[in-house]
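Each remark here refers to the structure printed beneath this line.
Labels below follow one simple rule: chain letters A, B, ... track the order of the sequence lines, proteins then strands, and each chain is numbered from 1. These numbers come from a predicted model, not from an experiment.
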Amino acid sequence: MPAATFSYAQIYRCVSRIPPGRVATYGQVAKLAGIPNGARSVGYALSALDDGSLVPWHRVVNAAGEISPRSSSDAMENTQRIRLEREGVVFDAHGRIPLAMFRWNGE
DNA sequence: CCACTGACGAGTG
DNA sequence: GCACTCGCCAGTG
């Protein structure tokens with residue numbers, strides 16, 4: 001586990017704030033976490049998570065509304081999609097989410 | 001300190 | 001819509 005001397009907790013907290021059936025982009029979470037241009041850092045922070053995490057990391061997608069491809073194990077991508085669909089999030093034929101409807105406003 | 005890598009974003013052609 | 005480039009921040013060797 002990395003030193004994480006920085007606001008990982010902020011990122012996790014913001015992600016946890018995302019209501020069910022809603023999604024947020026990396027940039028959005030980053031901004032809310034206090035890192036305006038730290039989209040990459042958000043992704044890294046989420047990558048440090050695992051199944052045992054209480055953080056709904058599956059509600060975080062990229063700016064295109066797609067599930068970001070991770071290093072390996074494409075099976076996890078499927079898991080993320082299943083979890084989202086189970087919460088009511090719909091994927092179009094392109095495999096992405098209509099952010100116009102499901103994007104979290106950050107209330 | 002430097003170089004490389006990584007769940008990204010925005011801009012350009 | 002796709003491919004490429006640059007910029008962002010953090011972690012690791």
Side-chain angles (χ1 to χ4, degrees):
Chain A
M1 280 295 276
T5 60
F6 134 99
S7 1
Y8 268 41
Q10 277 281 46
I11 296 174
Y12 299 148
R13 195 181 75 187
C14 290
V15 174
S16 299
R17 279 172 55 191
I18 304 173
R22 270 312 143 112
V23 297
T25 63
Y26 289 91
Q28 190 177 354
V29 174
K31 184 178 180 179
L32 291 172
I35 315 167
N37 299 335
R40 300 197 74 134
S41 302
V42 174
Y44 196 90
L46 294 179
S47 67
L49 291 167
D50 54 284
D51 302 327
S53 301
L54 304 175
V55 182
W57 53 271
H58 54 273
R59 292 186 193 137
V60 184
V61 296
N62 59 27
E66 304 174 316
I67 297 175
S68 301
R70 40 178 92 31
S71 320
S72 310
S73 305
D74 50 299
M76 280 306 256
E77 300 176 19
N78 186 43
T79 301
Q80 180 171 5
R81 174 167 176 161
I82 296 299
R83 284 182 113 174
L84 288 174
E85 291 183 318
R86 192 175 153 152
E87 293 183 352
V89 178
V90 181
F91 289 76
D92 59 19
H94 299 281
R96 47 181 173 166
I97 305 167
L99 294 178
M101 300 193 307
F102 296 102
R103 191 170 189 248
W104 178 44
N105 7 308
E107 47 183 301

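Both A/Ile67 and A/Phe102 belong to a common hydrophobic cluster when Ile, Leu, Val, Met, Phe, Trp and Tyr are linked at side-chain heavy-atom distances under 4.5 angstrom. A/Ile18 and A/Leu99 are assigned to two separate hydrophobic clusters, defined by single-linkage of ILVMFWY side chains at heavy-atom distances under 4.5 Å.
Distance NZ (A/Lys31) to P (B/dA10): 11 Å, rounded to an integer number of Å. The interatomic distance linking A/Tyr26 (OH) with B/dG6 (P) rounds to 15 Å, in whole Å. Atom pair A/Leu46:CG and B/dG9:C1' shows a separation of 15 Å (rounding to whole Å applied). In this structure, A/Leu32 atom CG and B/dG9 atom C1' are separated by 16 Å, rounded to whole Å. For the pair A/Arg70 CZ and B/dC8 C1', the computed distance is 14 Å after rounding to whole Å. The distance from atom CH2 of A/Trp57 to atom P of B/dC8 is 14 Å, rounded to the nearest whole Å.
A/Glu87 contributes no side-chain N or O that, together with a main-chain N or O of A/Arg59, makes up a donor-acceptor pair within less than 3.5 Å. Using modelled atom types, no side-chain atom of A/Asn105 and backbone atom of A/Glu107 make a donor-acceptor pair closer than 3.5 Å. When atom types are taken as modelled, the side chain of A/Tyr12 and the backbone of A/Leu54 share no donor-acceptor pair closer than 3.5 angstrom.
Here C/dG1 is the nucleotide among B/dC8, C/dG11, C/dG1 with the atom lying nearest to any side-chain atom of A/Arg96. The A/Ser41 side chain lies nearest to C/dA10 when the options are C/dA10, B/dA10, B/dC8. For A/Ser68, the listed nucleotide lying nearest its side chain is B/dC8; candidates were B/dA10, B/dC8, C/dG1. Between C/dG11, C/dC9, B/dC8, one nucleotide has an atom nearer to the side chain of A/Ala39 than all others, and that is B/dC8. Side-chain proximity of A/Asn62 to B/dC8, C/dG11, C/dC9: nearest is B/dC8. For A/Tyr8, counting side-chain heavy atoms from C-beta on, the closest listed nucleotide (C/dC9, C/dG11, B/dG9) is C/dG11.
Taking SG of A/Cys14 as the start and NZ of A/Lys31 as the end, the distance is 12.0 Å to the nearest 0.5 Å.
Under the 3.5 Å distance criterion, with hydrogens and angles disregarded, a donor-acceptor pair is assigned to the side chains of A/Gln10 and A/Arg13.
Residue A/Pro69 is classed as a sugar-phosphate contact, given heavy-atom separations below 4.0 Å to backbone atoms only.
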All N/O pairs under 3.5 Å across the protein-nucleotides 4-7 of chain C interface:
| residue | atom | partner | partner atom | Å |
| --- | --- | --- | --- | --- |
| C/dG7 | O6 | A/Arg40 | NH1 | 3.4 |

